[in-house]
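One structure below.
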Number of protein chains: 2
Amino acid sequence: MMNEIKIFSPATVANVSCGFDVLGFCLDSVGDEMVIRKTDKKGIYLTKIENFDLPYEAKLNVAGVSALAMYETLDLDFGFEIEIYKNIKPGSGIGSSAASAVGSVFGMNELLGKPFNKTQLTEFAIKGEALASKCEHADNLAPALFGGFTLVKSVSPLKILEIPSPDDLYATIIHPQIEIKTSESRAVLPKEVALSDAIEQWANLGSLVHALHTNDYNLISDSLKDVIVEPHRSQLIPHFNDVKQAVLGAGALGAGISGSGPSIFSLSKGQETANNVKEAMQSIYLNSGIKFDIHVSKINTQGVQIID
Amino acid sequence: MMNEIKIFSPATVANVSCGFDVLGFCLDSVGDEMVIRKTDKKGIYLTKIENFDLPYEAKLNVAGVSALAMYETLDLDFGFEIEIYKNIKPGSGIGSSAASAVGSVFGMNELLGKPFNKTQLTEFAIKGEALASKCEHADNLAPALFGGFTLVKSVSPLKILEIPSPDDLYATIIHPQIEIKTSESRAVLPKEVALSDAIEQWANLGSLVHALHTNDYNLISDSLKDVIVEPHRSQLIPHFNDVKQAVLGAGALGAGISGSGPSIFSLSKGQETANNVKEAMQSIYLNSGIKFDIHVSKINTQGVQIID
C-alpha cells in the first residue's frame, strides 16, 4: 500500500464573466505541488511549506482544515503529513486557497484507496476554502478537482456539473501584484441588480454553456460578458479596461476578472493567439510600475493529479 | 410556381421557469392553421379569420403587421392574402400572437422561394408580436419558427440559439380561462432583484441548458426553478401552487408559468407521465368553477411547417 503521494494541485479561474459565483475552469501551467504522507501518529500535520509564509497549525491552514474535515469523518489509527510547495500566490485571484484545500483531501483520498468521490472531496475542501474566504463556496474548488469547466449549480446540496469545452481553448492570465482587500471587493458588489441586467447575464451564461457544448468559439466570445459585477470590481484593478481592449485587439475571445481579482483572465482559440494575448497584456503593464506574473495555459481537463 | 400554401403555426411556451425572457419551447398538439395565397393586387390582405374576432385591417392585425414588415422590404408586383384558422386562444399565454406573427411570414417566404432565413423571419415577426405585447421580444417567436427549445441570447442584434432536447420530453399545459391584464402581469414584476436570487436563477438556467444537451431528465427537473418571477406572477393564477404540487406528485419533472400566464406548463419524461400530469391538473380545476383547456404535447422539434 502506498504511503506517500506527490500531487499537482492546479490554479483555477472562477466566475468567468457571465458565470459569477457559479462557473470556473482549470489551468495546467500553474499550480501547487504537495506531498501527502501517511504517518503513525494520528492527526493532520503540516510539515513543510515552501515559498510563502503560511500557518503550520492544521486548523489555521487551508489545506489542514480541509484535511481535518475529511479525517474527522474516518476512524483511522494513523495520521497524515502534508508538505506544500506553493506556486500560486495567495490573494492572486486564481484559486490559491482552493488548490491547497483540494490538494490535501485529494492526496489523502488516493492513499486511502479512494473512499470518496469528487463531490464528497469538494464538500471537505469547502471547509478549508471557508477559512480563507470566510464563506462556503466551490467555484474554484470544483474546477480544481474535476478539471475543465464546471458549473456549481448549488452549494447546499452540493451539485457540480462538468461542462465540456473545445480542445483548442487557451487561457492567458495576468496577475498584477497589487492587493485588493476581500472586504473591499465584497463592498463594491451590488446587493440588488436591475432585472434587465440579470436577464442579460443569464442569457449570456445560458449561451456560454451552449457554446462550450457546441465548440462554438464565436459564441463563446459573444457570451463572455459581465454586466453585473465587472463594472464595479474592475475599478479596483489598475488598467483593467486597457488590458481588455488590448487583448481583444490581439484576438482573444474575451476577458474578465479572475475570481475577485486582481488577476485578469482571457480566453483564446489556439496557443498562438494566447501568446499574442500575453504580449498585449504585458505591453499594458510593462510601463506601469506594477509588478506582474503572466501565465498561458491550456484548459486542464484533468484537474488535480498524481505526479509521482 | 406555388401560389398558395397551408401551414401549421404552433403554440409555444416562453420563459420556462429559470429562463425568464430568453428561453422557450415549441408544442405540436396545438397551433393555428393559416393559408397564404399570392394575389394580383399589391399589398397584404386578411381575407378570413375563423374562431376569434380579430381585426381584418393588416396594420392592426399581428399576422398582417409581420407580413407588412417583410413585404415592405421587397418590391413585388403582387400581394398576399392571409386566412387564419385560429385555435390558440388570444391571451392564453401559449404564444397566440407569436403563432400569427410567424405564420404569415413563414408562408410568404415559402411562396417566394425562401429568400429569408429563420432569424430574418423572426425579425419581421417581432414587429407583429410588438403590436400585441407592446414590446419587441422573441421568446415565443423563436421556438415557433425554429422548433424545439430556443434561447434568445439577445434581441438587438437578434441572436437565437437552438438548444437540443431529449426525445422523450413531453409538455402538459393547462389554460385556466381567466383574464390577466398585461398591465397587471407587468406591474407585479420586480424592477430590481437580489443579487443572490439572480445568481440562483442563472445557475439554474446554465444547468438547464446543460441538462438539455446531456439528456439528463433529473437535472432538467432540478433546474426548473424560478426564484425571480414566479413568486410574484403565480399569485395572479388561481390554484397555481396546488397545480404545481399535484403535477410533481404525478411524476412531472417540473412546472411553471407559461409566458406571462395564465397557462401553467409542466414537463415530463414520456407520454404516459404527461397524461398522468393532465389528470392531476384537471383534478385541481374541475371543482373550481373555472373553465379550462388542457393539452399534452411532444416537444415539436420542427416548428412552423407546411401541411398542404
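A, B, ... follow the sequence lines: proteins, then strands. Residue 1 opens every chain. Just so you know, these numbers come straight off a predicted model, no measurement behind them.
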Check the orientation of B/Phe20 and A/Trp202. Use parallel for under 30°, tilted for 30 to 60°, and perpendicular for over 60°. perpendicular

>> A side-chain contact here means heavy atoms from C-beta on lying under 4.5 Å apart; do A/Lys153 and B/Leu219 qualify?
In response: yes

Max heavy-atom pairs within cutoff under 4.5 Å with chain B, candidates A/Asp21, A/Ile199, A/Ile163, A/Leu23, goes to A/Ile199

So, the part of A/Asp222 with a heavy atom under 4.5 Å from chain B: the answer is both

For residues 224-236 of chain A against chain B, heavy atoms under 4.5 Å, the residues are A/Lys225, A/Ile228

Turns out that what part of B/Asp197 lies under 4.5 Å from chain A's heavy atoms comes down to neither

Bottom line for A/Lys191: the part with an atom under 4.5 Å from chain B's heavy atoms is backbone

Per-residue tally against chain A (heavy atom, under 4.5 Å) across B/Ser196, B/Gly19, B/Ala203 peaks at B/Ala203

To the nearest 0.5 Å, atom CD of B/Gln201 lies from atom CG of A/Leu205 at 11.5 Å

When rounded to the nearest 0.5 Å, the distance separating CG of B/Leu161 from OG of A/Ser223 is 7.0 Å

When the 4.5 angstrom heavy-atom criterion is applied to B/Ser154 and chain A, the contacting part is neither

Max heavy-atom pairs within cutoff under 4.5 Å with chain B, candidates A/Val193, A/Val209, A/Val22, goes to A/Val193

Okay, B/Leu151 and chain A: the region with an atom under 4.5 Å from a heavy atom over there is side chain

Rounded to the nearest 0.5 Å, the CD atom of A/Glu162 sits from the OG1 atom of B/Thr214 at a distance of 11.5 Å

